[in-house]
Amino acid sequence: MGQAASQSASAAPSAPASCPIDHKSSASSSSGPAKCPIDHTKTSVSVPQPPAQCPISHEATADGINPLNQMPSLSQAPAAHQAAALPTERETSSIPRDESSRWEYPSPQQFYNALVRKGWETPEEHVETMVQIHNFLNEQAWQEILKWEKKEDPSEAEPQLARFKGRPGELSPKARFWLFAGWLLPTRFNTEPPFDRHDWIVRRRGGEEVRYVIDYYSAPPEPDGSPVFSLDVRPALDSVGSIKQRILAATEDVWANFREESRRSNTSHGSH
């Protein structure tokens with residue numbers, strides 16, 4: 001997300017999130033995810049493949065860092081040696097920043113400048129698609145946060161994203177646990193770490209702030225090679241209220257699984 005808000009606004013991991021862009025060349029009734037247009041199998045030997053993480057720098061290492069998102073000011077000017085022009089328009093997100101504005105995502109030009117700043121060589125023609133996927137994943141993360149908040153208080157007004165920080169090099173305790181489980185039982189659990197991590201500070205009505213941890217995973221691709229992503233969004237275990245939320249959610253999951261297994265068992269017995 002960008003470092004500026006729009007001027008006006010209207011008032012647990014879910015199923016894996018697929019690439020939001022429909023790249024089918026013809027109309028299709030298929031509801032399957034669209035295939036990413038970037039060919040990840042053909043990489044020049046002279047150009048290293050950039051790591052799979054958010055390219056926007058969230059580290060406060062220089063002056064001019066916005067404290068709300070730990071991002072430097074990103075230029076809209078073309079980068080040196082840039083071969084093609086990129087749009088400078090910024091998309092407004094659905095995520096409230098305060099009572100009257102919403103967060104904005106970086107433009108394709110700003111996104112490309114962030115890639116250049118990181119030293120990642122990316123063809124300009126792929127940047128707009130990368131921006132759309134980046135924005136899509138953040139929208140999915142916000143929807144998961146809203147689900148948690150509705151469980152906490154269904155009558156609560158929509159919360160706001162006060163600030164956030166990317167922490168791609170830091171594994172959360174839960175991510176470490178699942179990696180250890182994958183090491184013990186590689187056929188049952190994921191053996192790959194999340195490719196990115198964000199910490200989002202959500203402001204509830206009345207001013208209470210709650211930290212959410214978001215781990216971004218690459219899920220197994222669709223049969224046609226389409227990329228699939230999975231988000232693990234949950235309140236951080238740094239307050240009594242958040243610990244209660246996590247315990248209640250885990251209990252609900254256990255009971256839901258038990259009921260589903262019981263239903264299947266009864267159905268199986270009834271068919272004999």
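Start at 1 with the first residue, then count along the sequence. Small disclaimer: the values here were computed from a predicted structure and weren't measured.
- What you find for V202 and P159 is that their closest heavy atoms are CG1-CB, 3.5 Å.
- Across every non-hydrogen atom of V213 and A236, the tightest pair is CG2-CB, 3.8 Å.
- Note: I95 CD1 to S101 OG = 12.0 Å, rounded to the nearest 0.5 Å.
- Scanning both residues, M130 and F111, for their nearest heavy atoms gives CB-CE2, 4.0 Å.
- Using the six-membered ring where Trp is involved, F229 and F195 have ring planes that are perpendicular, over 60° apart on the 30 and 60° scheme.
- Residues V116 and W120 are members of one and the same hydrophobic cluster, defined by side-chain heavy-atom contacts under 4.5 angstrom among Ile, Leu, Val, Met, Phe, Trp and Tyr.
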Going through the distances and angles, do E104 and T92 end up as a side-chain contact (heavy atoms from CB on, under 4.5 Å)? CA-CA 4 Å; E104 287 185 341; T92 302; 3.9 Å; yes

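- Q76 contributes a side-chain N or O that, together with a main-chain N or O of T88, makes up a donor-acceptor pair within less than 3.5 Å.
- In the hydrophobic cluster analysis, where Ile, Leu, Val, Met, Phe, Trp and Tyr join through side-chain heavy atoms closer than 4.5 angstrom, V240 is grouped apart from L237.
- Cluster annotation: L146 and Y216 are assigned to the same hydrophobic cluster (Ile/Leu/Val/Met/Phe/Trp/Tyr, side-chain heavy-atom contacts under 4.5 Å, transitive).
- Among R197, R167, R234, the one residue that satisfies the side-chain hydrogen bond (donor to acceptor under 3.5 Å, both in side chains) test with S172 is R234.
- N113 contributes atom CG, which lies 7.5 Å from atom OG of S107 (distance to the nearest 0.5 angstrom).
- Using a 4.5 Å heavy-atom threshold, the side chains of P194 and L171 count as touching.
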Practice prompt. Output, in order, the C-alpha distance, side-chain angles, deciding distance and verdict of side-chain contact (heavy atoms from CB on, under 4.5 Å) for F136 and Q132.
Written response: CA-CA 6 Å; F136 170 76; Q132 289 178 304; over 6 Å; no

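- Checked by atom type, the side-chain pair Q109/Q82 shows a donor-acceptor distance below 3.5 Å.
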### Message
For a side-chain contact (heavy atoms from CB on, under 4.5 Å) check, start with the C-alpha distance between K165 and R211, then their side-chain angles and the critical distance, and finish with the verdict.
### Response
CA-CA 11 Å; K165 182 179 182 181; R211 181 168 66 95; over 6 Å; no

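- Checked options W183, Y217, F177, W178; the residue passing with F189 is W178 (criterion: ring pair (Phe, Tyr, Trp, His ring centres under 6.0 Å)).
- E158 places a side-chain heavy atom less than 4.5 Å from the side chain of P96.
- With R90 contributing its side chain and Y105 its backbone, the two residues share a donor-acceptor pair below 3.5 Å.
- Distance check: S239 OG to Q245 CD gives 7.5 Å after rounding to the nearest 0.5 Å.
- Using bins of under 30°, 30° to 60° and over 60° for the plane-to-plane angle, the ring pair W200/W142 lands in the tilted bin.
- No salt bridge links E149 with R205; every basic N to acidic carboxylate O contact stays at or beyond 4.0 Å.
- Separating the CG atom in L115 from the NE2 atom in H126 is a distance of 12.0 Å, to the nearest 0.5 Å.
- Between R204 and D153 the shortest side-chain heavy-atom distance does not fall below 4.5 Å.
- Under 3.5 Å, the side chains of E139 and N135 contain no donor-acceptor pair of N or O atoms.
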Begin with the C-alpha distance, continue with both residues' side-chain angles, and end with the deciding distance and a verdict on side-chain contact (heavy atoms from CB on, under 4.5 Å) for V210 and S242.
CA-CA 8 Å; V210 180; S242 293; 3.8 Å; yes

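- Heavy-atom minimum distance, A141 versus L231: N-CD1, 3.6 Å.
- Under the 4.0 Å criterion applied to side-chain N and carboxylate O atoms, D215 and K174 are not assigned as salt-bridge partners.
- Here the closest heavy-atom approach between residue P108 and residue V131 is recorded as CA-CG2, 3.8 Å.
- A salt bridge does not link R203 to D98: none of the charged nitrogens lies less than 4.0 Å from a carboxylate oxygen.
- With a 6.0 Å radius and a threshold of 12 heavy atoms from other residues, nucleotides or ligands, K244 has its NZ atom at or below the threshold.
- In this structure the side chain of N138 reaches within 4.5 angstrom of the side chain of H134, judged on heavy atoms.
- When all heavy atoms of T191 and L179 are compared, the closest pair comes out as O-CD2, 3.5 Å.
- Note that CD of E125 and CG of L86 are 9.5 Å apart. Values are rounded to the nearest 0.5 Å.
- Judged by distance alone, the side chain of W148 and the main-chain N or O of P235 form no donor-acceptor pair under 3.5 Å.
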